[in-house]
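To start, the structure under review is shown below, and the notes come after it.
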Amino acid sequence: ASDIFDLAGMTFNINSPKQLGNVLFEELKLPKSKTNASGGYSTSVDVLEKLKMYPIVDKILYYRTVSKLYSTYAQGLLSAISSDGRIHSKFKQTVTATGRISSTDPNLQNIPIRTEIGRKIRKAFIPEEGFTIVSGDYSQIELRILAHIAQDKNMIKAFLDNEDIHTSTAAKVFSIPLQEVTKEQRYAAKAVNFGIIYGISDYSLSQDINVSVKNAGKYIKDYLEHYSGVKEYMERIVKTAIENGYVKTIYGRRRYLPELSSPKHSVREFGKRVALNAPIQGSAADIMKIAMIKVYNELKTKKLKSRLILQVHDELVIETSIDEIEEVKSILLHNMRDSFELSVPLEIDLSQQNSLLKG
DNA sequence: GCATGATGCTT
DNA sequence: ATCGAGCATCATGCG
């Protein structure tokens with residue numbers, strides 16, 4: 001912080017977006033761009049990232065990362081530790097609009113993993129003596145569900161051939177062989193795959209991967225040309241959503257969409273994106289809940305010492321007795337994999353380690 | 001003490 | 001203006 005104050009030539013509250021905006025864009029006269037909803041200068045990461053060449057901005061970004069991890073996790077989680085030395089989160093079953101479960105007091109579904117400091121926090125979650133951590137992750141469950149619901153021939157084939165879906169997508173969109181896909185191309189394809197699930201726009205994709213809106217639009221166009229089943233699904237789901245007023249998951253669970261009859265264009269557009277996303281995210285949630293119940297029951301029926309301690313949307317974490325590792329892996333594998341039969345296989349990544357940090 | 005906005009963490 | 005679903009922290013303003 002003192003470095004930042006030196007570079008600014010004054011002291012101020014770095015945690016205050018208002019004060020920070022004034023220092024950067026008024027006092028130091030850095031090039032300003034976006035404003036936030038309250039009419040102030042935005043100081044969000046994507047704005048600061050573009051000003052990284054200024055030493056003070058670079059230091060602020062680092063300060064942000066560290067202070068977030070410290071206040072929310074390092075310090076925040078300390079106060080959540082119970083007398084038994086463990087943290088007991090509350091899992092809510094009736095909160096989300098899509099059918100996912102949520103976690104509060106504290107939220108254990110957003111423990112850091114992205115940054116190096118974040119991984120150190122994850123590493124602090126350890127099993128009790130004689131136990132280890134075994135996890136099962138659904139691989140690309142949402143895209144597999146999309147392939148299934150849309151019955152898209154090319155996407156189904158990619159999964160049946162067990163291809164890396166992002167690399168495969170890049171190869172097709174850029175019309176090149178799999179082997180020639182660069183990191184950047186895979187990254188762009190991944191962003192499109194991700195965006196498609198949420199109902200993408202060329203603008204939002206361009207923001208995501210830092211290309212022009214025009215180029216982003218071309219990526220999407222090329223994508224939908226290759227995955228024509230997805231294109232047809234997008235059109236069909238919006239149409240039926242408008243007709244019925246709701247969409248449903250593979251288990252028939254409904255989400256009503258009053259947004260679709262809003263007088264406001266932006267709200268209706270939001271409704272369309274939700275119509276596209278809800279069946280996908282909601283079906284993934286259905287599948288996970290079925291698997292979760294089966295895993296829990298099997299652990300119980302077999303009177304194993306291992307216990308289910310965490311669910312993070314596409315991942316189940318089991319604090320596993322060291323003499324039960326192989327059995328627990330098998331329980332996770334078959335119950336998660338066979339939870340629902342899609343047109344493509346459900347792949348499960350299993351891992352075992354001595355903390356919440358994989359690898 | 002409570003609500004809201006800005007920000008950032010996860011999948 | 002413009003990507004789905006959440007929750008926590010901090011600053012700030014209101015009472």
Side-chain angles (χ1 to χ4, degrees), chain A residues 12-21 34-48 60-61 63-77 79-80 89-92 95-115 117-119 121-122 137-143 145-146 191-209 213 216-217 220 247 255 257 259 264-285 288 310-315 356:
Chain A
F12 63 102
N13 188 343
I14 306 170
N15 286 323
S16 163
K18 193 175 163 199
Q19 293 182 35
L20 179 61
K34 283 204 297 193
T35 55
N36 58 35
S38 329
Y41 304 115
S42 170
T43 65
S44 60
V45 217
D46 51 315
V47 170
L48 297 189
I60 288 165
L61 283 167
Y63 178 94
R64 277 259 178 89
T65 304
V66 173
S67 94
K68 170 78 180 186
L69 295 175
Y70 179 74
S71 63
T72 305
Y73 302 100
Q75 192 190 60
L77 289 174
S79 65
S89 174
K90 294 172 178 164
F91 291 95
K92 309 293 173 97
V95 168
T96 70
T98 56
R100 277 185 172 185
I101 59 181
S102 76
S103 160
T104 64
D105 305 308
N107 181 356
L108 289 187
Q109 289 180 321
N110 71 341
I111 303 302
I113 194 168
R114 225 179 75 256
T115 65
I117 317 174
R119 288 191 281 274
I121 289 169
R122 201 163 260 254
D137 282 68
Y138 280 110
S139 166
Q140 304 295 351
I141 187 168
E142 294 191 337
L143 282 174
I145 289 170
L146 174 60
V192 183
N193 273 326
F194 200 59
I196 286 291
I197 294 175
Y198 303 143
I200 203 171
S201 72
D202 48 8
Y203 176 83
S204 52
L205 178 66
S206 74
Q207 291 292 302
D208 256 18
I209 56 177
V213 175
I220 296 172
V247 292
R255 174 165 177 180
L257 297 168
E259 294 89 350
K264 284 172 130 175
H265 180 256
S266 61
V267 176
R268 287 199 304 276
E269 288 303 310
F270 173 77
K272 290 181 187 175
R273 292 195 294 272
V274 171
L276 180 60
N277 171 261
I280 299 172
Q281 191 181 118
S283 296
M288 172 54 101
L310 186 60
Q311 186 255 46
V312 194
H313 313 308
D314 65 354
E315 173 187 19
L356 222 45

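Side-chain atoms are counted along with the backbone in the values below, which use heavy atoms only and exclude waters and symmetry mates. Letters A, B, ... are given to chains in the order of the sequence lines, protein chains preceding strands, and every chain is numbered from 1.
Here the straight-line distance linking atom CG of A:L310 with atom CZ of A:F91 works out to 5.0 Å at 0.5 Å rounding. If you take OG1 on A:T72 and CD1 on A:I121, they are separated by 9.0 Å, rounding to the nearest 0.5 Å.
Remark: C1' of B:dT10 and CZ of A:F194 are 10 Å apart, rounded to the nearest angstrom. Between the P atom of C:dA11 and the OH atom of A:Y41 lies a distance of 21 Å, rounded to the nearest Å. Summarising the geometry, the separation between CD1 on A:I141 and C1' on C:dG4 is reported as 15 Å, rounded to the nearest angstrom. Rounded to an integer number of Å, the gap from CG of A:N277 to P of B:dT11 is 17 Å. Taking atom CG on A:L61 and atom C1' on B:dA6, their separation rounds to 15 Å, with Å as the unit. Spacing between atom CD1 of A:I117 and atom P of B:dT10 amounts to 12 Å, rounded to whole angstrom units. Counting to the nearest Å, the P atom of B:dT11 and the CG atom of A:L143 are 16 Å from each other. B:dT10 atom C1' lies 12 Å from atom CD of A:Q311, rounded to whole Å.
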For nucleotides 8-10 of chain C, give me every protein contact, N/O to N/O, under 3.5 Å, one pair per line with atom names.
unit_1: C:dA8; atom_1: OP1; unit_2: A:D105; atom_2: N; d: 2.9

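The phosphate of C:dG4 has neither OP1 nor OP2 within less than 4.0 Å of any side-chain N or O from A:R100. For the pair A:Q281 and C:dG6, the criterion of a side-chain N or O lying under 4.0 Å from OP1 or OP2 is not met. Checking the phosphate oxygens (OP1, OP2) of B:dT7, a side-chain nitrogen or oxygen of A:T43 falls inside 4.0 Å. Distances shorter than 4.0 Å separate some side-chain N or O of A:R114 from OP1 or OP2 on B:dT10. Put simply, A:R64 has a side-chain N or O that comes within less than 4.0 Å of OP1 or OP2 on B:dG8. Listed pair A:S266 / C:dA1 fails the phosphate criterion, with no side-chain N or O lying under 4.0 Å from OP1 or OP2.
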message: The test is side chain to side chain donor-acceptor pair (under 3.5 Å); show your working for A:T96 and A:S102 and say whether it passes.
response: CA-CA 7 Å; A:T96 70; A:S102 76; over 6 Å; no

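Residue contacts shown for A:I111 are limited to sugar-phosphate atoms, with no base heavy atom under 4.0 Å away. Backbone-only engagement by A:F270 is indicated by non-hydrogen atom pairs under 4.0 Å involving sugar-phosphate atoms exclusively. If you check every strand for non-hydrogen atoms under 4.0 Å, A:A97 touches sugar and phosphate atoms only. A:L276 comes within contact range of no nucleotide atom at all, as no heavy-atom separation falls under 4.0 Å. A:Q19 comes within contact range of the sugar-phosphate backbone alone, with a heavy-atom separation under 4.0 Å but no base atom that close.
Where A:V95 and A:P17 meet DNA chain C, the nucleotide closest to each residue was compared, and A:V95 sits on the side nearer the 5' end.
With sequence neighbours left out, the side-chain hydrogen bond (donor to acceptor under 3.5 Å, both in side chains) criterion links A:R268 to no other residue. Remark: A:K272 pairs with A:E269 by the salt bridge (charged side-chain N to carboxylate O under 4.0 Å, His left out) rule, at least two apart or across chains.
For the C1' atoms, the distance from C:dG4 to B:dT4 is 23 Å, rounded to whole Å. Spacing of P atoms, C:dT2 relative to B:dA6, comes out at 12 Å, to the nearest Å.
Side-chain polar atoms of A:T98 and A:Q281 form a donor-acceptor pair below 3.5 angstrom. Side-chain polar atoms of A:R273 and A:S201 form no donor-acceptor pair below 3.5 angstrom.
When the shell of 6.0 Å around OH of A:Y70 is examined, it contains 12 or fewer heavy atoms from other residues, nucleotides or ligands.
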